[in-house]
Amino acid sequence: MTNTKNKPHMDKQHLQHLLKQMLRIRRFEERCAQLYTQEKIRGFLHLYNGEEAVAVGVMQALKPEDAVLATYREHGHALARGLDMNAVMAELYGKVTGSSRGRGGSMHIFDTAKGFYGGNAIVAGALPLAVGLALADKMQHKANVTVCFFGEGAVAEGEFHESLNLAKLWQLPVLFVCENNGYAMGTALQISESEQHIYKKAQSYGLDAKAVDGMNVVDVEAAAKHYCDVIRSGSGPCFLECNTYRFRGHSMFDTQLYRASEEVKEWQLKGPIVKLQNWLQDNHELRESELAQLEAEVVQEVDAAVVFAEEAEFEAEADLFFGVHTAVTV
Amino acid sequence: MTNTKNKPHMDKQHLQHLLKQMLRIRRFEERCAQLYTQEKIRGFLHLYNGEEAVAVGVMQALKPEDAVLATYREHGHALARGLDMNAVMAELYGKVTGSSRGRGGSMHIFDTAKGFYGGNAIVAGALPLAVGLALADKMQHKANVTVCFFGEGAVAEGEFHESLNLAKLWQLPVLFVCENNGYAMGTALQISESEQHIYKKAQSYGLDAKAVDGMNVVDVEAAAKHYCDVIRSGSGPCFLECNTYRFRGHSMFDTQLYRASEEVKEWQLKGPIVKLQNWLQDNHELRESELAQLEAEVVQEVDAAVVFAEEAEFEAEADLFFGVHTAVTV
Amino acid sequence: MSSIKTDSANLSYREAVRAAISEAMHADSRVFLMGEDVGNYGGCYAVSKGLSAEFGSERILDAPLSESGFVGAGIGAAMGGMRPIVEVMTVNFSLLALDQIVNNAATLRHMSGGQLSIPLVIRMATGAGKQLAAQHSHSLENWYAHVPGIKVLSPATIADARYMLGMALADPDPVIIFEHVMLYNETDVVPSPNDCVDMHKAVVRQEGQDISLITYGGSLAKTMQAAELLQQQHINAEVIDLRCLRPLDTQTIFSSVNKTGRVIVVDEGWRTGSLAGEICALVAEHCFWSLDAPPQRVCSQEVPIPYPKHLEQAATPQVEQIVIAAQILLNKPVSKLDVNQ
Amino acid sequence: MSSIKTDSANLSYREAVRAAISEAMHADSRVFLMGEDVGNYGGCYAVSKGLSAEFGSERILDAPLSESGFVGAGIGAAMGGMRPIVEVMTVNFSLLALDQIVNNAATLRHMSGGQLSIPLVIRMATGAGKQLAAQHSHSLENWYAHVPGIKVLSPATIADARYMLGMALADPDPVIIFEHVMLYNETDVVPSPNDCVDMHKAVVRQEGQDISLITYGGSLAKTMQAAELLQQQHINAEVIDLRCLRPLDTQTIFSSVNKTGRVIVVDEGWRTGSLAGEICALVAEHCFWSLDAPPQRVCSQEVPIPYPKHLEQAATPQVEQIVIAAQILLNKPVSKLDVNQ
Ligand SMILES: Cc1ncc(C[n+]2csc(CCOP(=O)(O)OP(=O)(O)O)c2C)c(N)n1
Ligand SMILES: Cc1ncc(C[n+]2csc(CCOP(=O)(O)OP(=O)(O)O)c2C)c(N)n1
Ligand SMILES: [Mg+2]
Ligand SMILES: [Mg+2]
């Protein structure tokens, strides 16, 4: 957290904002985990616990017209992008007031009004879509950025390779954000990639690429802002590798046989929330009362979201076919 | 052609052997082009004209137990690997004495006895197969090399990316040979790859990789031998980019709107056959009579192949189902 | 103005598709064509020849060999407000793009609760007949016809080649168009736009009372030939061109079969799991009590398509097989005909 | 020795597949298992849990997320003398590997004139029921069943989970095995190896005279439940488990339908273009004169499968639908049943 004071936006207020955004995600997901054991939420549930700095940091660099795509682990991105927590929670409940009418669940949160294009459950499946959204922007002379988040596991997929080449070849306004949490399910990066510096792989396509500490929300924000400027200036796509860690299992089914609990504990000490919180407190930028206030607001928002989701209706079975095609309406 | 005398194998006899191998391919294919206009050969016909040094050079490095995979432009590889020219020509005729009983035609020449695993008409489709053959060799502790030839167009495919990573990750004995002839059908490399040094792309996976003059059969041979030694020593896969050019259209249908005829003429002056032939003649290593003899032998072989193919039978319609499964026999 | 041949006098199938692309691009700046070799090369089957000169390389966009990548990019561009026409050179290579088509194009609207629109057209060549062997001769129309969320068209005539693309572009959802490789050189007079038929409708290409021959795409011409030969034997076959393979125009199918009581489906797909099977099943379900004989199919043999002409022909539906199947179904003497093809 | 549970007392479907893998690996050093998370993670559905410890990471080979790459590598390894078992985590991701399966695995033997052998087994999970939404709930069995050159198995019982893999490995050609996600936790007593049935044969799971219910995979249990409920109404349904989806055991199908005169096919695939359609077409073609009523299907609705339970159930075949379809087909009063599931 050095030098943050030199950067225009890194004042107390903004740092507290970042903290709050991360807390919103953390508390929201902790509640989700409970709700999952209560079988209120079903299907797959992939928590972002530990990685909050990535989504929160990157979103600071975006404008409302920009586009965001993410994976099945996208609650954090949705919330950081400004989706209504009620709609996200209702989606996890499968309720019709959910962001996708409850049809997508945890892995398929959409909100086109916020430029949030999902929520994709196919590893690397969103990368070509991001290329296409950026192509549309370029063709329409819009100075938007499309940000695409994906895990380091996606790097092995052919779609990663094809997308990076297309984006650079056509100089498209895409910011690729690799959330390198070291594992794809139980597969450690060492057993999935011959070259384990993902940003170097991106450089081999000619992209401006670097790695940042994905546990440091300030660093992530600074890097994302820089790259978004580069992209908006018309210099083509950029690539940000964020080194991070997921504190919980891959999904709620994961028994985590593939890593030692000490490793998890070590990383937890470096967690993005504890890091920022400590720094703020050490620098007298966050009083106990302020923190309590923050936490209370977050809990209130989460509580309200649960109530909202609980009270919402399921979609009528009769509407099953709505939207298979445009012509099929309710 | 400098320094060739220093290399063990680069004596007159061997150089004449290389010349003859290239001439065999050239003359064979010139005849194929005629036969195509006579409708003796149908379907797609992709000629290797101009690129002969690549297949001929690389094959010198191989042992009988090694495996070879190539593309739809594989007559040259088949002949250089030692497949019977009669069987190859009969295959192009679609006759039952062809190397694949006539079922594959020009794009699907196979001969497992020679370790020749085709002939694949899907761009980049053979790369994963090569990885698998090498994996089998490694698992069975066989010190073989699997060589996989493909065009620079294949580099954009996801299968390229996945295969290179797998090969390096698992340290498999594969030699990837990229035949960079500058075009994929009518698509120049500049409009298909953001990074146009293909060997650099390979290096980004950690492969030992370099580019050689693919018009110089001696250079190709030397590089292939070096890499095969590296591979046999257990150091994992290597990558050879051969810069070359195809003198004719992509296939017999190609009207070549995408390149200037001057460009073709320039490259033709650098052709692999004329280059080696001139060098040999300038250095008094090839007398007129020797050349005439070589040419005569080649013409004879080609003539015989045509006769063989003409006289052969088509497969009986009743045998259509033979080999769909192992149990379906003639 | 356009150097593209659009006069309705006489167009080849290839020219008809080209005219349709050109027209759409003139009418709507959001339309662009993207695919392998569509630009500098002029299209693998020369469909887009000249278009790059007319519209420039940004709207006739040559893509690298990255089927999944550029098809996905087409989906994304459609989401982003464009109206892409993506050419996947042939159905054989579309296998590499199926994840994008099935998991994204087909699902995104429904799965997002109706928020997203994917106004995308994907064109691809399909079928056997050019002696291109096992990896280049697929007819996988039924794979696509199986997937909710996409529409599937199969223009079999010059008129449909000329007008279906425009209708597909006007549709707000993803549409796949299959162009059979054996049709590109066919020529015909193109009717006026007013006479073009809604892309969702099957068309009765020949009326008849005795038997319904149902087909699509590259098999239509063979089926029409068979119908002509049957006519010589006083068998009046009704020929139905499905045109739209998803959703199927079952009404047209059923009224024909209810009238004739007999049906043969001709389909270049492999027999097992074919679209022909689907049509037979539908007919058996819905026209059971009108059927005078079991529904039949003439399909491709269950074998990778071989290179040599005689085997390629043996593996794929031929006129004579259709004629014989009809004769058997009508209890007529089976006569070897002078099919002459 | 093995810590893998192989006793025939009572195994879960998951344990049965694991026992089959373990057995094959003990018996033949050429056999290995390759796929995403098969090793350190123990398999997405915990099928291979413990195998890495037993056989080591070279024979239980964790692959990166490269479906096309490692499936193609499996094909290559099979050509090179190994006997790979490739696990594609689910059919949903197999879309990324279809080029390798269709253009290579299925064609290479025939196209090479019989020279090449691809003794490869590909296993994948399939189906809906776990509320995984549109991209994770596909049932694409009929896509695979459409392709000559491969065989397709669908073990629906613990016994078949236990023994089919071994038979597939013994087959010299590529075999695809579909494991329905809802079966992994099911348990049953495993019969002795002598009692296992040839993988190519369909099996009559319940005999009956009134109607044939034909199904496979994840729909077998539902169909058996439906048959039980029908029994209470004195309708004797015959239940056929297809087991092998390519090639189809038509003999077993036809003799059942010829006996009962009525057929309903239950299939979790989308209705249009489904395997159920193929079976109905076959029955209509070959059992036409024995049929007393139109062949029927109970399939998935033509919609991407939604996440919430009530919609997922509405989209996929349910016991009650099978019962009602049978009642209608037999002109019995349709009664709402206490399906209780
Ligand atoms: C194409 C594909 N293959 C496999 C899966 C199953 N799967 C879901 S998440 C996952 C791991 C992805 O890891 P990574 O990309 O690192 O993202 P993370 O989960 O770590 O955020 C796998 C294998 C999938 N969803 N899509
Ligand atoms: C997956 C796939 N896409 C498209 C094609 C059509 N096609 C055949 S060859 C070719 C160009 C390949 O170029 P390159 O790899 O450079 O090899 P070259 O022909 O130059 O030897 C294309 C586009 C194909 N066969 N396979
Ligand atoms: Mg990860
Ligand atoms: Mg090339």
Side-chain angles (χ1 to χ4, degrees), chain A residues 67 69 91 96 98-104 107-113 117-122 124-140 142 144 146 157-167 169-170 172 315 320-330, chain C residues 29-32 34 57-59 61-84 86 96-97 99-120 147-151 171-175 200 246-247:
Chain A
L69 297 98
E91 187 60 33
V96 71
S99 43
S100 306
R101 296 176 70 89
R103 288 160 170 199
M107 304 199 287
H108 301 295
I109 296 166
F110 291 89
D111 188 344
T112 50
Y117 290 91
N120 202 302
I122 303 298
L127 277 82
L129 302 181
V131 169
L133 279 161
L135 177 63
D137 279 339
K138 185 170 183 179
M139 284 181 152
Q140 294 169 106
K142 296 179 183 168
N144 304 334
T146 297
E157 292 283 4
E159 292 189 333
F160 169 89
H161 171 73
E162 299 186 2
S163 299
L164 261 66
N165 183 45
L166 289 178
L169 186 68
W170 295 339
L172 302 179
E315 186 174 28
L320 176 62
F321 292 95
F322 160 67
V324 176
H325 293 289
T326 305
V328 187
T329 54
V330 182
Chain C
S29 64
R30 298 169 306 174
V31 176
F32 68 101
M34 166 166 61
S57 62
E58 295 197 356
R59 293 185 69 199
L61 187 54
D62 271 329
L65 278 145
S66 306
E67 284 79 3
S68 201
F70 70 75
V71 168
I75 300 168
M79 292 184 344
M82 301 298 288
R83 295 288 178 278
V86 176
L96 290 160
D99 169 54
Q100 287 298 326
I101 297 173
V102 173
N103 280 324
N104 284 334
T107 63
L108 281 169
R109 167 171 285 276
H110 189 268
M111 186 168 72
S112 68
Q115 288 182 75
L116 286 173
S117 277
I118 319 285
L120 167 72
V147 181
I150 55 177
K151 295 181 181 178
D171 194 286
D173 299 320
V175 180
H200 299 91
R246 179 176 191 92

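Below, all heavy atoms of this structure are taken into account, side chains as well, without hydrogens, waters or symmetry copies. Proteins get letters first, then strands, A, B, ... in listed order; numbering begins at 1 in each.
Within the 4.5 Å cutoff, the side chain of C:Phe70 has no heavy atoms near those of the A:Val131 side chain. Residues C:Met79 and A:Leu133 have side chains in contact (heavy-atom distance under 4.5 Å, counting atoms from C-beta outward). Here the side chains of A:Ile122 and C:Gln100 are not in contact, with every heavy-atom distance at 4.5 Å or above. The side-chain heavy atoms of A:Phe110 and C:Leu108, taken from C-beta on, include a pair separated by under 4.5 Å. At a threshold of 4.5 Å between non-hydrogen side-chain atoms, the residues A:Arg103 and C:Met111 do not count as touching. Using a 4.5 Å heavy-atom cutoff, the side chains of A:His325 and C:His110 are not in contact. In this structure, the side chains of A:Leu135 and C:Phe32 come closer than 4.5 Å at one or more pairs of heavy atoms.
Residue A:Ile109 does not touch chain C at all, counting heavy-atom pairs closer than 4.5 Å. At a 4.5 Å heavy-atom cutoff, the contact between A:Ser99 and chain C is made by backbone atoms alone. For chain C, the nearby part of A:Tyr117 is the side chain; its heavy atoms alone come within less than 4.5 Å.
Side-chain atoms of C:Glu58 do not come within 3.5 Å of backbone N or O of A:Met139 as any donor-acceptor pair.
Counted by atom type alone, A:Asn120 and C:Asn103 present zero donor-acceptor pairs between their side chains at under 3.5 Å.
Here A:Gly125 is the residue among A:Gly104, A:Gly125, A:Gly98 with the most heavy-atom pairs under 4.5 Å with chain C.
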N/O donor to acceptor pairs below 3.5 angstrom from side-chain atoms of residues 62-69 of chain C, sequence neighbours left out:
{"from": "C:Asp62", "atom 1": "OD1", "to": "C:Asp37", "atom 2": "N", "distance (Å)": "3.4"}
{"from": "C:Asp62", "atom 1": "OD1", "to": "C:Val38", "atom 2": "N", "distance (Å)": "3.0"}
{"from": "C:Asp62", "atom 1": "OD1", "to": "C:Gly39", "atom 2": "N", "distance (Å)": "2.7"}
{"from": "C:Asp62", "atom 1": "OD2", "to": "C:Asn40", "atom 2": "N", "distance (Å)": "3.0"}
{"from": "C:Ser66", "atom 1": "OG", "to": "B:Ala156", "atom 2": "O", "distance (Å)": "3.0"}
{"from": "C:Ser68", "atom 1": "OG", "to": "A:Glu159", "atom 2": "OE2", "distance (Å)": "2.5"}

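A distance of 7.5 Å separates CG of A:Leu129 from CD1 of C:Ile118, quoted to the nearest 0.5 Å.
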(request) Apply the test side-chain contact (heavy atoms from CB on, under 4.5 Å) to residues A:Asp111 and C:Gln115: give CA-CA distance (whole Å), side-chain angles for both, the deciding distance (0.1 Å), then the verdict. (result) CA-CA 7 Å; A:Asp111 188 344; C:Gln115 288 182 75; 4.1 Å; yes

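A:Gln140 pairs by the side chain to side chain contact (heavy atoms under 4.5 Å, CB included) definition with A:Ala136, A:Lys142, C:Met82, not counting sequence neighbours.
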